Amino acid sequence: MDIAQQMQILKRGTVEVFREEELAQRLADAAKTGRPLRAKLGMDPTAPDIHLGHTVVLRKLRQFQDLGHKAVLIIGDYTARIGDPTGQNTTRPMLSPEKIQENAKTYFEQAGRILDMSPDKVEVRFNSEWLADLRLADIIKLTASMTVARMLERDTFEIRYKKGDPIGIHEFLYPLMQGYDSVAIQSDVELGGTDQTFNNLVGRDLQRLAGQPAQIVITMPILIGLDGKEKMSKSKGNYIGVTDKPSDMFGKTMSIPDHLMENYFTLLTDLPAERIRELTDPSKTHPKEAKILLGKLIVQQFYGRQAAQQAAEEFEKVFAQSQLPDEMPEVAVSAAPIAAAKLLLQCGLAATGGEAKRAVLQGGVRINNEKITDPNQEITPHSGMVVQVGKRKFARLKV
RNA sequence: GGGUCGGUGCCCGAGCGGCUAAAGGGGAUGGACUGUAAAUCCAUUGGCUAGCGCCUACGGUGGUUCGAAUCCACCCCGGCCCA
């Protein structure tokens, strides 16, 4: 494949490439010398479960692998051990080495659903390997390469500074440490979300100072979550996890606002741009049809074509025709008659008694498809009885 | 170190001795309408209780008071200014 074609693949969906000419040059060099590029991606071992937001970058990394290059995954174990409070106000707890190992394991298992994990395609490094041994003198040298003014350029710092939110001095060290990772592993390319732009560019500076060619930095958009507003994140609950069941993946996709479809098609599928334009033009494609396709394409990547088809059919059945799903959690209960609200509690369909009662009073509860209106109504459970709360919570009883 | 302002429910934020489980907004959930879209409308939103009611809650600990998120003392945490 010629360089122009490779560039086209690699540029798709990116926000920026610092710098394109350098990337083209380095791809050419790699082709000439047969030395694969080292494409770096840092991973924060505090959040093990990965969702589609992470896969945007992982998919890009996969493209590098498919073009013959090597993915270098950095586990920020050292960084995590210190405890990064960047998450605005929540001070993160320090993680034990065991916990980090555990998180890293989960991460690889899940990242492996996107990446090619064969040994010659992936290199895994813990950054404690080089960061733990730095002495104060080294650290001071590192900090001397940066100014406060430049640090404050970074938007998260700038915003917090203006807002009067606290910024810990050590937070200034994170970009430097991350940049130093690039020096340590001699990366050719670093991938990251746009929120990582600053950190990744620091890597360029530090590499130059160390006499290495500066890495190319590729930034990817931050995937918006299901709410259509905030970035996809586990803590906001607006995410699709890579381990979600096919039916959930599909259902969640169907619930995204229409205007998000273009974004999702671009970042989460390989469809060509002109096809995406067709799909997101309501005069050419009904939005629901487009979204069904999107849902299928997403599920398919993780579970295959058949599961995707099934998920779509199931969805149609349950929501368009409001029939019962094929599969639902089974809950064992005793056969004794019980108040409806209590039953919900036992089934795990409500977290508290008040919530259960409310759901009933608001007409959100059905038992065997019959609406229940009195929270105190006595129900005599029997096997196979179906309890439903709202449109999407079901349980089948087992006595 | 000094001065000053602040810490309220999932989040933001009002309240500044009783009428306060605590205004308002956001979010979330349920309902109507739909395409589990958007927009809109209605309802709910600390826990326990069939209910009377009880318990927990306004940074922490003590105190004043018949009564405190509200007053006082000390402490912890943060912003800003000065050094």
Side-chain angles (χ1 to χ4, degrees), chain A residues 85 87-91 157-169 171 224-240 244-265 279-282 285-296 298-299 311-325 328 337-346 348-367 371-379 387-394:
Chain A
Q88 267 153 30
N89 37 23
T90 46
T91 306
F157 288 144
E158 195 185 348
I159 291 164
R160 283 200 283 161
Y161 191 68
K162 281 192 181 145
K163 251 180 85 183
D165 286 343
I167 300 173
I169 294 287
E171 292 185 64
I224 305 290
L226 304 177
D227 55 14
K229 293 179 199 126
E230 304 205 70
K231 81 176 206 181
M232 185 175 281
S233 84
K234 196 177 179 185
S235 56
K236 295 206 179 78
N238 60 356
Y239 70 103
I240 301 180
D244 280 357
K245 288 181 300 179
S247 54
D248 287 337
M249 266 190 191
F250 190 87
K252 285 181 182 179
T253 305
M254 291 307 282
S255 77
I256 64 169
D258 286 358
H259 65 84
L260 228 53
M261 278 200 281
E262 185 187 352
N263 194 243
Y264 275 40
F265 271 122
L279 287 166
T280 51
D281 180 347
T285 313
H286 189 288
K288 190 191 175 194
E289 293 307 314
K291 214 179 270 177
I292 287 173
L293 177 65
L294 176 64
K296 281 190 195 167
I298 289 172
V299 175
E313 281 164 18
E314 173 94 352
F315 178 87
E316 182 65 17
K317 194 171 106 183
V318 175
F319 295 104
Q321 299 165 32
S322 32
Q323 295 178 23
L324 292 173
M328 56 185 98
I338 185 171
K342 298 249 178 198
L343 183 63
L344 296 188
L345 216 51
Q346 283 199 4
L349 295 174
T352 65
E355 192 182 309
K357 212 180 294 176
R358 242 176 276 137
V360 174
L361 288 173
Q362 294 181 149
V365 176
R366 287 167 180 272
I367 292 179
K371 193 177 272 188
I372 304 293
T373 48
D374 177 7
N376 295 322
Q377 185 175 333
E378 292 262 303
I379 306 292
V387 185
Q388 175 180 3
V389 178
K391 284 179 207 161
R392 41 188 134 172
K393 281 185 281 186
F394 301 89

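Just so it is clear: chains get the letters A, B, ... in the order the sequence lines come, proteins before strands, and each one is counted from 1. The shown structure was predicted, so the numbers you read here are calculated from the model rather than taken from an experiment.
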### Task
Spell out, as yes or no, whether a donor-acceptor pair under 3.5 Å connects the side chain of A:Glu289 to the backbone of A:His286.
no
#### Entry: A:Lys291 side chain, from C-beta outward: closest of B:U36, B:G30, B:A37
B:A37
### Whole-Å gap separating P (B:G78) and OH (A:Tyr161)
16 Å
### Message
Heavy-atom nearest nucleotide on RNA chain B for A:Gly363 versus A:Phe315: which residue maps closer to 5'?
### Response
A:Gly363
### Summary
Pairing partner of B:U29, by Watson-Crick or G-U wobble and under 3.5 Å for both distances, is B:A43
### Query
Which part of the nucleic acid, if any, lies within contact of A:Pro257, taking any heavy atom under 4.0 Å across all strands shown: a base, the sugar-phosphate backbone alone, or nothing?
sugar-phosphate
#### Entry: Pair A:Lys317 + A:Glu313, salt bridge at N-O below 4.0 Å
no
### Query
A:Lys317 has an atom NZ; how far is it from atom C1' of B:G35, in whole Å?
19 Å
### Message
Please report the distance, rounded to the nearest Å, between CD in A:Glu314 and C1' in B:U36.
### Response
14 Å
### Message
Strictly below 4.0 Å, N to O, side chains only: are A:Glu314 and A:Lys245 in salt-bridge contact?
### Response
no
### Query
When the distance from CG of A:Leu260 to P of B:A38 is rounded to whole Å, what number comes out?
11 Å
### Message
Tell me if the centroids of the rings in A:Phe157 and A:Tyr161 come within less than 6.0 Å of each other.
### Response
no
### Query
On a whole-Å scale, what distance lies between the P atoms belonging to B:G31 and B:A38?
15 Å
Quick one: which protein N/O atoms are closer than 3.5 Å to N/O atoms of nucleotides 48-52 of chain B? Pair and distance per line, please.
| unit_1 | atom_1 | unit_2 | atom_2 | d |
| --- | --- | --- | --- | --- |
| B:C48 | OP1 | A:Gly353 | N | 3.0 |
| B:C48 | OP2 | A:Gly353 | N | 3.3 |
| B:C48 | OP2 | A:Gly354 | N | 3.4 |
| B:U49 | OP1 | A:Lys342 | NZ | 2.9 |

### Message
Are A:Ile292 and A:Phe250 packed together at the side-chain level, in the sense that at least one heavy-atom pair is separated by less than 4.5 angstrom?
### Response
yes
### Task
Could you give the distance separating B:A73 and B:U65 at their P atoms, to the nearest angstrom?
16 Å
### Task
Return the value, rounded to whole Å, for the distance between atom CD of A:Gln321 and atom P of B:U34.
16 Å
#### Entry: B:C72 versus B:C16 - spacing of their P atoms, nearest Å
15 Å
### Task
For B:U56, give its Watson-Crick or G-U wobble partner with both distances under 3.5 Å, or none.
none
### Task
If B:G18 has a Watson-Crick or G-U wobble mate with both distances under 3.5 Å, name it; if not, just say none.
B:C66
### Query
With rounding to whole Å, what would you report as the distance between B:A68 and B:G17 at their C1' atoms?
6 Å
### Query
Is B:G78 paired to anything, Watson-Crick or G-U wobble with both distances less than 3.5 Å, and if yes, which nucleotide?
B:C5
### Task
Could you name each residue pair satisfying side chain to side chain donor-acceptor pair (under 3.5 Å) that touches residues 250-260 of chain A, not counting sequence neighbours?
A:Asp244-A:Lys252, A:Asp258-A:Lys291
### Task
Could you tell me the separation between the CG atom of A:Leu361 and the P atom of B:U29, rounded to a whole number of Å?
19 Å
### Rounded C1' spacing from B:G27 to B:C77 in Å
27 Å
### Base paired to B:G35 (Watson-Crick or G-U; both N/O distances under 3.5 angstrom)
none
### Query
For atom P, what is the distance between B:C52 and B:U64, given to the nearest Å?
35 Å
### Message
If I pick the C1' atom on B:G46 and the same atom on B:C42, what distance separates them, to the nearest angstrom?
### Response
24 Å
### Query
Mapping A:Lys252 and A:Gly364 onto RNA chain B by nearest heavy atom, which one lands closer to the 5' end?
A:Gly364
### Task
Using atom CZ of A:Arg392 as one end and atom C1' of B:U29 as the other, report the distance to the nearest whole Å.
10 Å
### Query
Should A:Ile372 and A:Ile379 count as side-chain neighbours, where that means a heavy-atom distance under 4.5 Å?
yes
### Query
Would you say A:Tyr264's side chain and A:Ile224's backbone share a donor-acceptor pair under 3.5 angstrom?
yes
### Query
Do A:Asp227 side-chain and B:G27 base share a donor-acceptor contact under 3.5 Å?
no
### Span that lies between the C1' atom of B:A14 and that of B:A21, in whole angstrom
15 Å
### Query
Can you tell me if the side-chain N/O atoms of A:Lys229 get under 4.0 Å from OP1 or OP2 in B:G27?
yes
### Query
Which whole-number value in Å describes the distance from A:Leu226 CG to B:A28 C1'?
14 Å
### Query
Is there a side-chain contact between A:Leu349 and A:Val365 (heavy atoms, below 4.5 Å)?
no
### Task
Describe the nucleic acid contact of A:Gly251 in one word from base, sugar-phosphate, nothing, applying a heavy-atom distance below 4.0 Å.
base
### Summary
Ranking B:G35, B:G30, B:U36 by distance to the side chain of A:Gln362, first place goes to B:G30
